[in-house]
Amino acid sequence: MEFISPDQYDQLTASEAVALQKELRTKINITALNIPIRFIGGADISFNKFEETVYAGIIILKYPEMIPVDRVSIVATTSFPYISGLLAFREIPALLKAWNKLDQKPDVMVLDGQGIAHERRLGIATHFGLLTDTPSIGCAKTRLTGTYIEPADNPFAESPLFHKHERIGTVLRTKLKCKPVFVSPGHKVSIEQSVAIIKNCTRKYRIPEPTRLAHLLVNDIRILHKENNIPPLF
DNA sequence: GCGACAG
DNA sequence: ATCTTGTCGC
């Protein structure tokens with residue numbers, strides 16, 4: 001059961017999805033990226049509750065200036081439900097469609113969700129990195145698994161995130177008096193490097209620019225698509 | 001069995 | 001995730 005393309009994720013049962021994660025786990029690489037980063041990408045999904053249509057987008061930014069240089073988006077449909085721990089199976093098919101529209105791939109990607117900070121080390125960022133063979137980082141707004149001590153209330157205060165005696169990521173306070181974010185390597189980047197990169201991508205908001213702008217992008221696309229589908233009042 | 005549970 | 005106005009703190 002090794003050759004399942006993302007196009008068929010919709011047909012998988014939760015049990016089969018878990019089996020696939022266990023196979024992919026053996027391919028994870030979290031050694032440090034040793035090439036200079038010039039461009040970084042941010043990806044996200046938006047959708048209307050109760051609907052199967054999803055809007056996926058990727059924005060590319062110059063690093064470390066955080067200046068947007070490109071963006072792509074697509075509209076797709078998904079039937080795989082949201083199940084904690086299996087988020088990738090719902091969002092990756094659409095994300096890959098957007099990825100394929102990119103003329104120039106970025107040096108590293110930031111995904112809205114966990115990397116290896118996952119029960120089977122296969123958060124969406126790790127899954128995406130493995131399928132595209134691209135360095136990736138997971139930056140989630142809340143915890144999925146793992147234990148940690150609350151980081152101090154200072155910008156960039158951080159504390160390690162553990163799971164079964166293993167270091168799986170970092171809880172990072174990106175902004176004073178705001179809840180911290182959960183940073184973990186996706187693929188081809190180290191734990192230390194993932195945090196350093198996220199810090200360099202942080203500006204005036206809690207969410208780092210790649211993911212923050214990707215979220216704004218897909219939300220705009222969703223609203224636009226909605227307007228073009230609503231019959232005009234007159 | 002109970003509680004937790006990315007987006 | 002999305003819905004949705006005001007409101008409390010800095």
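All chains are named by letter (A, B, ...) in the order of the sequence lines, taking the proteins before the strands, and each is independently numbered beginning at 1.
- In this structure, A:Arg212 is positioned above the aromatic face of A:Tyr205, its NZ or CZ under 6.0 Å from the six-membered ring centre and within 45° of the axis.
- Using a 4.0 Å cut-off, some side-chain N or O of A:Thr142 falls inside it from OP1 or OP2 of B:dG7.
- In this pair, A:Phe128 and A:Trp99 present their aromatic rings perpendicular. The plane angle is above 60°, beyond the 30 to 60° band.
- Using a 4.0 Å heavy-atom cutoff across all strands shown, A:Gly85 reaches at least one base atom of the nucleic acid.
- An OP1 or OP2 oxygen of B:dG7 is reached within less than 4.0 angstrom by a side-chain nitrogen or oxygen of A:Lys141.
- Under a 4.0 Å N-O distance rule, the pair A:Asp112/A:Lys141 qualifies as a salt bridge.
- In this structure, CZ of A:Phe80 is placed 19 Å from P of C:dA1, rounded to the nearest angstrom.
- Between C:dC3 and A:Lys226, a contact under 4.0 Å exists linking OP1 or OP2 to a side-chain N or O.
- When the C1' atom of C:dA1 is taken as reference, atom CZ of A:Phe89 falls 19 Å away, rounded to whole Å.
- Atom CG of A:Leu87 is separated from atom C1' of B:dA4 by 16 Å (rounded to the nearest Å).
- Counting any heavy atom pair closer than 4.0 Å across all strands shown, A:Ile223 reaches no nucleic acid atom.
- Atom CD of A:Gln21 and atom P of B:dA6 are 14 Å apart (whole Å).
- Note on A:Arg143: every side-chain N or O is 4.0 Å or more away from OP1 and OP2 of B:dA6.
- The ring of A:Tyr82 does not lie on top of the base of C:dA1; it is either too far (5.5 Å or more) or too tilted (30° or more).
- Remark: A:Arg222 is in phosphate contact with C:dC3, judged by side-chain N or O atoms under 4.0 Å from OP1 or OP2.
- In this structure, A:Asn219 reaches the C:dT2 phosphate: one of its side-chain N or O atoms is under 4.0 Å from OP1 or OP2.
- If you measure from atom CG of A:Leu144 to atom P of B:dC5, you get 9 Å, rounded to the nearest angstrom.
- The shortest distance between the side-chain N/O atoms of A:His215 and the OP1/OP2 oxygens of C:dA1 is below 4.0 Å.
- For the residue pair A:Arg173 / A:Asn154, no side-chain donor-acceptor distance below 3.5 Å is found, with atom types taken as modelled.
- With B:dG7, C:dT2, B:dA6 as the candidates, the nucleotide lying closest to the side chain of A:Gln114 is B:dA6.
- Atom CG in A:Asp44 sits about 10 Å away from atom P in B:dG7, given to the nearest Å.
- Residue contacts for A:Thr145: at a heavy-atom cut-off of 4.0 Å it reaches no nucleic acid atom on any strand shown.
- A:His127 comes within 4.0 angstrom of nothing in the nucleic acid, heavy atoms only.
- With respect to A:Leu61, the side-chain contact (heavy atoms from CB on, under 4.5 Å) criterion is satisfied by exactly one of A:Leu213, A:Val69, A:Asp70: A:Leu213.
- Among the heavy atoms of the strands lying under 4.0 Å from A:Ile124 is at least one base atom, whether or not backbone atoms are also near.
- Between the CZ atom of A:Phe47 and the C1' atom of C:dA1 there is a distance of 4 Å, rounded to whole Å.
- Rounded to an integer number of Å, the gap from CD1 of A:Ile221 to P of C:dT2 is 14 Å.
- A sub-4.0 Å separation between OP1 or OP2 of C:dT2 and a side-chain N or O of A:Ser46 is present.
- Atom CD of A:Glu209 and atom SG of A:Cys201 lie 8.0 Å apart (nearest 0.5 Å).
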